[in-house]
Amino acid sequence: MVAPVVLVIGVIIGYPLVRGVFLSLTDANEANVERNIGVNHIPATYKFTGLDNYKAVLSDGVFWDRLGWTVLWTVACVGITFLIGLTLANMLNRTLRGRTFYRLALILPWAVPAFISVFTWRMLYNEKNGILNKLLAGGGIDAVPWLNDPTWAKLSVIAVNVWLGVPFMLVALLGGLQSIPGELYEAAEMDGANAWQRFRSITLPGLRTVSSTVVLLSAIWTFNMFPVIFLLTRGGPGDATEILVTYAYRLSFVDSPRNFSESATWGVLILLLLSAVAVVYRRALRKQGEVW
């Protein structure tokens, strides 16, 4: 019964992964890969180069610049998303009128396809005709170059990714809050504990298992969040918002000649980085008694 699942995963994930690792050990590019031009078949002429691509990438400042921004982007997005999601989850975990409507409204960004959301935000950020700058103009404030200034562009892509990520964080943390026994809060309140003390001593420990999982998942997704960066800024202005995954895409599909081996090298390095983070994170959780 497991065989079909293993077969599908092997075809969809296993083959591309092995192929990518193999290409990263060669000098494959647009000019020397196997291809057909009309009725003519041109065989591959690329060669095995070992770890030369890895040495070249790791010794290039471009990789470390992209890595620095990618880490900052991931930490900022995950941190802000977690704080907003936790705040909203606490607000919706109590009895209030229209709670179902608020829950549905806050989950809505999760239901909309990411590319539609990004294109909508791109219209909002339009420097000349965007709603945001029109609102600022109504208050006598000059237009903001949301996507044309490096600093504003970074803040803009973070804001969009947070908007997309809050619903997932909200749903996960709300489920965790509802699993905490209400008797604990009642006992703490009878003992004279205030709201902050109840939150620190009951809520946070009760959410430890859920929050550790969603933070790791959110970090992995954000680290590889291709649609937001590519569709909103395409890595610009210049290369200000270029993260590792969008640069790997650029090497293989945008720049000419297309460098498949270097792009594969970037992809393998991204996989190794995320795997290392996951292993370290899991060991840290195991020391705290949280095993998953």
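Bear in mind that the values here come from a model prediction, so they are computed numbers and not experimental data. In this chain, numbering begins with 1 at the start of the sequence shown.
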Would Leu216 end up clustered with Val210 when hydrophobic side chains under 4.5 Å apart are linked, directly or stepwise?
yes
Shared hydrophobic cluster for Trp196 and Leu177 (ILVMFWY, side-chain gaps under 4.5 Å)
yes
Hey, could you give me the CG/CZ distance between Asn29 and Arg258, rounded to the nearest 0.5 Å?
10.5 Å
Between Trp146 and Asn126: side-chain donor-acceptor atoms closer than 3.5 Å
no
Side-chain donor or acceptor of Asn90 paired with backbone N/O of Leu86 under 3.5 Å:
yes
Under 6.0 Å from the ring centre and within 45 degrees of the ring axis: does the NZ or CZ of Lys154 meet both conditions for the six-membered ring of Trp69?
yes
When Asp239 is tested against each of Arg250, Arg66, Arg234 for side chain to side chain donor-acceptor pair (under 3.5 Å), which residue passes?
Arg66
Please assess Val279 against Arg282 for the test side-chain contact (heavy atoms from CB on, under 4.5 Å), listing each intermediate value before the final yes or no.
CA-CA 5 Å; Val279 169; Arg282 187 174 184 277; 5.9 Å; no
Run the numbers on Leu92 and Leu170 for side-chain contact (heavy atoms from CB on, under 4.5 Å), then give the verdict.
CA-CA 9 Å; Leu92 294 178; Leu170 167 64; 4.1 Å; yes
For the backbone of Tyr281 and the side chain of Arg283, can you confirm whether one donor and one acceptor N or O come within less than 3.5 Å of each other?
no
Taking CZ in Phe48 as the centre, count heavy atoms belonging to other residues, nucleotides or ligands within less than 6.0 Å. Is the count above 12?
yes
Would you say that Val160 contacts Leu232 through its side chain, given a criterion of any heavy-atom pair below 4.5 Å between the two side chains?
yes
Between Leu17 and Leu271, is any pair of side-chain heavy atoms under 4.5 Å apart?
yes
Is a side-chain donor-acceptor pair under 3.5 Å present for Asn133 with Glu127?
no
Roughly how far, to the nearest 0.5 Å, is the OG atom of Ser261 from the NZ atom of Lys47?
13.5 Å
Report yes if some heavy atom in the side chain of Tyr54 is under 4.5 Å from a heavy atom in the side chain of Val268; otherwise report no.
yes
Any side-chain donor-acceptor pair under 3.5 Å between Glu242 and Thr246?
yes
